[in-house]
Structures are given as structure tokens and as C-alpha cells.
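First up is the structure itself, then whatever we jot down about it.
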Amino acid sequence: MRLALEEQPFETSSGKKYVIHNYGHGGGGITLSWGCASIVTEMVEKLLVRLRQSRATPSIAVLGTGVIGLTVATELRRKWPTLPLSLYAKDLDVRSTTSFMAGGQFEPSGVFQEYRGKEKKRALALYLRRSRDRIVELQNSGQRTLFGVAERKNYTLDHAIKAFDEFTPQDVVPLHRKGALPFEKLNMIGREYSTWLMNPAILLPKLAADLVQTSVQFKQRLFESKQDVMSLPENILINCTGYGAKKLFGDEKLVAQRGHLVILRKTQPKQFYFFSGGCANRAISYVFCRQDDIVVGGTVQSGREAVTPDDEDALIFQRLLANGRELFDGHPAACRT
């Protein structure tokens, strides 16, 4: 993950350009989005002072319309209602983003592994607390359903979830409770965590619509190089391009991560729970009951960039569903890897 302001501006033919990076949140983008957006807002505030001291007129370009770009733009517009602000992406339909396909649980899943060590864990705790604060604000605003925000109980078998147990402060997600799982056939001892759902299928379109209403410009553009980015007219450039930052800014540490999800239509409206860390051999990662559907996932394939499903993917989808049936029939040890 990279969340940083490049202190030295880039000199271009149209003047100095300042770059802020906010990308690489793989596995935790939904969770960290609001917290990181608040940090970006503080960075922008410093740059505004610097630009105005040099008599330059500030303007901002946010690159990317996934959850990271949209939450950054939302927080900037909340703080500066009239500041010139544009969002750039190769496809302006938020439904085409990786974020839109995410499950939406609040948990620093996967990404927590980048925060080992005292200082890094302290930084992660800050991002999580700030995300929590914004989620609670939305939850208490009377508009939580419009943003796809809901409280959820997350159940697991009786084993540790490091992302919660070791890397999430207990004032954000309280210590789990242990007891009988509330499922008819899966009647064994497990754990219960209290967290949130932020359903990207609801959240992203809502954020985009609100930004349009506040005169944020959405501009379609395909960036092929850093030079393309530097040719933008804005003087504050916020890089929320995710894996695209590898090509645009030469970040060779970025590794593609690809996963599998199955989305089922919800037939029982009172299903409001999460289940993660499901099978005894971790062959199924989670079952998320959202507002109108159920997401069964998920896998992580590192280093594979292909997005078009093939025959191997079809077998993985079938295995995820079969493992889900085994799990809730009370046979977690029967799940296949």
C-alpha cells in the first residue's frame, strides 16, 4: 500500500504539479477508504497553503473512480465545496471498477500483512479508526440505507482471524464472543465479531451521484504513461489508480491479485449475517448476506492479471458453492481446496 505526498513537485510546461498517492489497498480497499481519504484531505490542505503562497490557483484531479477515488473526492468536496475538482478514469461507469465487485465487509483482510511492526500497525490503527468514524457518521445520518451501510455480525469457526484479532483496535471492532453458532446444522462452537457492511453496489453509485450534484467533473481519459498524467491542467494530482500505478508511476512492488466471487439472489429477506474463515481447511473464505444478495467467496490468486474467466475459473466457482453447502450442512471438514 502507498499513501504518501511526493514532497517535491514535478516541473511541467504548465507549471508545478504535486502528486499524492493513495493506492495498493488490496483486500482492504472498502475498509480503509474513508480513513485514507481523511489523510489525503490533510495532505491537500498543506498543498493549498503552499500553492496560494506562490499565487497559484489550486485545482485537483483525482485519478480513478473506484472506492478509493470516490471517497477521496467526496471528502475533498465536503471540506472545500467550491474548489475545482475533477475525476478521471478510462471508464466512468463505477460498475466497471474492481471495487464494485467487492464483498464489502469492514475488515483489513489481506492488506494487514503489510502492517507488521509497531509503527506500521499504529498507522493502520489510525486509518481504521478514521474509517470507523466516517461509517458511524453515515450510519447515524438517517441515510445509511442510501449509502449501503449496515451493522453485521460476522461468525467464524473457532479459530483466530488475524486481521481482527491482531491488527484491528478493539475500539473499532470489539473482542469476539465465543459460543454456539446460530445455524441449524452448523451447530458447533464458533466466534462472533461485530462489524459493518459497506455494500459497494449501493455505495459507489451513491457517491458518484452526489459528486455530480456538487459540480465535480467526471472526465473520461485513458492514461498510458506518467507524462499523460502530468499533462493534466490541474496542479494537485491524486493517484487512486490501484494496480494501474505500476505502469503510470513505475511501482514495481505492485503485484496483481485476482479473486473469485459467486453472487446469489437472496430468497430469505431476514438473512443478515456474515460468515468468514468458513471451512476447516479455509477452502471457502466467506459468505456475506448483503441487502439484496449473498456473496460467496473468495480466492486470492497473486500475479495473475487475466480478468476473463476460463475453464479453471468455472471449476473454482463450482467448488466455492459446493464448499458453502458442506459448511452450512455442518460438515466444514469436507470442504475441498
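For clarity, every value in this text was computed on a predicted model and none was experimentally measured.
Enclosure of atom CZ in R95 is not indicated, since only 12 or fewer non-hydrogen atoms of other residues, nucleotides or ligands lie within 6.0 angstrom.
A donor-acceptor contact closer than 3.5 angstrom links the side chains of D165 and Y193. Side-chain contact annotation: R221 with S231, donor-acceptor N/O pair under 3.5 Å present. Checked by atom type, the side-chain pair S99/T97 shows no donor-acceptor distance below 3.5 Å. Checking N154 against Y273 by side-chain atom types alone, no donor-acceptor pair falls below 3.5 Å.
Centroid-to-centroid, the aromatic rings of H176 and F164 stay 6.0 Å apart or farther. Ring pair Y23/H21: centre-to-centre distance below 6.0 Å. Separation of the F183 and F328 ring centroids falls under the 6.0 Å cut-off.
A donor-acceptor pair is defined here as one N or O able to donate and one able to accept, closer than 3.5 Å; such a pair exists between the side chain of S131 and the backbone of T31. For the pair N235 (side chain) and T57 (backbone), a donor-acceptor distance under 3.5 Å is present. Between the side chain of N323 and the backbone N or O of L320, no donor-acceptor pair lies under 3.5 Å. Between the R134 side chain and the E137 main chain, no donor and acceptor come within less than 3.5 Å of each other. For K17 (side chain) and E11 (main-chain N/O), no donor-acceptor pair under 3.5 Å exists by modelled atom type. Looking at T65, its side chain never comes within 3.5 Å of a backbone N or O of A89 through a donor-acceptor pair. Although no hydrogens or angles enter the test, the distance criterion places no donor-acceptor pair under 3.5 Å between the side chain of D329 and the main chain of H331. Remark: the backbone N or O of C335 is not paired with any side-chain donor or acceptor of R319 at under 3.5 angstrom. No side-chain donor-acceptor contact under 3.5 Å links D293 to the backbone of L264. Of the possible polar contacts, one joining the R77 side chain to the P81 backbone as a donor-acceptor pair under 3.5 Å is found.
Between D251 and K253 there is no salt bridge, since no side-chain nitrogen of the basic residue lies less than 4.0 Å from a carboxylate oxygen of the acidic one. A salt bridge does not link E107 with R152: none of the charged nitrogens is closer than 4.0 Å to a carboxylate oxygen. At a threshold of 4.0 Å, the pair D171-R132 counts as salt-bridged, since one of the basic side-chain nitrogens sits closer than that to a carboxylate oxygen. Taking the charged nitrogens against the carboxylate oxygens, D133 and R129 have no contact shorter than 4.0 Å, which rules out a salt bridge.
Scanning all heavy atoms of the two residues, the minimum distance from L5 to V19 falls at CD1-O, 3.5 Å. Nearest heavy atom pair, residue P169 against residue L128, reads CD-CD1, 3.9 Å. Of all non-hydrogen atoms in Q105 and T195, the two that sit nearest each other are OE1-CG2, 3.6 Å. The two residues S276 and I161 make their nearest non-hydrogen contact at OG-CD1, 3.6 Å. Closest non-hydrogen pair, A163 versus P108, comes out as O-CG, 3.6 Å. In this structure, I30 and A102 approach most closely via the heavy-atom pair CG1-CB, 4.1 Å.
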Exercise. Dump the intermediate steps for side-chain contact (heavy atoms from CB on, under 4.5 Å) on Q257 and Q301, then the final yes or no.
Key: CA-CA 5 Å; Q257 290 191 327; Q301 296 178 328; over 6 Å; no
Practice problem: Take E42 and R130 through the test salt bridge (charged side-chain N to carboxylate O under 4.0 Å, His left out) and record every step on the way to the result. | Solution: CA-CA 13 Å; E42 293 175 355; R130 291 198 180 191; 2.7 Å; yes
Quiz prompt | Audit row: L51, I236, side-chain contact (heavy atoms from CB on, under 4.5 Å) steps and yes/no | solution = CA-CA 10 Å; L51 285 166; I236 299 177; 3.7 Å; yes
Quiz item: Where do F275 and L186 land on the side-chain contact (heavy atoms from CB on, under 4.5 Å) test, with the steps shown first?
Solution: CA-CA 12 Å; F275 198 101; L186 188 61; 3.7 Å; yes
Practice problem: Begin from the C-alpha positions of E75 and T41 and carry the test side-chain contact (heavy atoms from CB on, under 4.5 Å) through to its verdict. | Solution: CA-CA 7 Å; E75 296 306 271; T41 301; 3.7 Å; yes
Exercise. For salt bridge (charged side-chain N to carboxylate O under 4.0 Å, His left out), just list the numbers for E312 and R258, CA-CA rounded to whole Å, side-chain angles, deciding distance to a tenth of an Å, and then say yes or no.
Key: CA-CA 13 Å; E312 179 186 349; R258 183 176 183 267; over 6 Å; no
Practice problem: Evaluate the salt bridge (charged side-chain N to carboxylate O under 4.0 Å, His left out) criterion for residues R50 and E7: first the C-alpha distance (whole Å), next the side-chain angles of each, then the deciding distance (0.1 Å), finally the verdict. | Solution: CA-CA 11 Å; R50 195 180 304 180; E7 291 295 338; 3.5 Å; yes
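Inter-residue side-chain proximity for K121 and R116 is flagged as unmet; no heavy-atom pair is nearer than 4.5 Å. In this structure, P205 and V94 have side chains that are in contact, with non-hydrogen atoms separated by less than 4.5 Å. S86 places a side-chain heavy atom less than 4.5 Å from the side chain of E234. N22 has its side chain within reach of V72: a pair of non-hydrogen atoms, C-beta onward, lies under 4.5 Å apart. Looking at heavy atoms from C-beta onward, L138 lies out of side-chain contact with R144 at the 4.5 angstrom threshold. The closest side-chain heavy-atom distance from H25 to C36 is below 4.5 Å. At least one side-chain heavy atom of L87 sits under 4.5 Å from a side-chain heavy atom of L211. Put simply, the side chain of T299 does not reach to within 4.5 Å of the side chain of L261, judged on heavy atoms.
Using the six-membered ring where Trp is involved, F288 and F274 have ring planes that are tilted, between 30° and 60° apart.
A cation-pi arrangement, defined by a distance under 6.0 Å to the six-membered ring centre and an angle within 45 degrees of its axis, is absent between K90 and F223. Annotation: cation-pi pair K120/Y115 absent, no NZ/CZ under 6.0 Å from the ring centroid and within 45° of its normal.
Hydrophobic cluster membership is shared by M198 and V111, with clusters built from Ile, Leu, Val, Met, Phe, Trp and Tyr side chains linked at under 4.5 angstrom. With hydrophobic clusters built from ILVMFWY side chains whose heavy atoms lie under 4.5 angstrom apart, I60 shares a cluster with I20. When hydrophobic clusters are built by joining Ile, Leu, Val, Met, Phe, Trp and Tyr residues whose side-chain heavy atoms come closer than 4.5 Å, directly or via intermediates, L76 is grouped together with F147. There is no path of hydrophobic side-chain contacts, each under 4.5 Å, that joins I294 to F272. Hydrophobic clustering (side-chain heavy atoms under 4.5 Å, transitive across Ile, Leu, Val, Met, Phe, Trp, Tyr) groups V62 together with I68.
From D311, atom CG reaches atom CD1 of I316 across 11.5 Å, with rounding to the nearest 0.5 Å. Taking CE from M230 and CG from L232, the interatomic distance works out to 9.0 Å, rounded to the nearest 0.5 Å. Summarising the geometry, atom NZ belonging to K162 is positioned 13.5 Å from atom OG1 belonging to T168; distances are rounded to the nearest 0.5 Å. One finds the CD1 atom of I135 at 7.0 Å from the OG atom of S33 (value rounded to the nearest 0.5 Å). Within the model, atoms CG of L254 and OH of Y243 stand 7.5 Å from one another, a figure rounded to the nearest 0.5 Å. The CD atom of E192 lies 4.0 Å from the CZ atom of R177; values are rounded to the nearest 0.5 Å.
Note on residues 86-110: pairs passing ring pair (Phe, Tyr, Trp, His ring centres under 6.0 Å), not counting sequence neighbours, are F106-W196.
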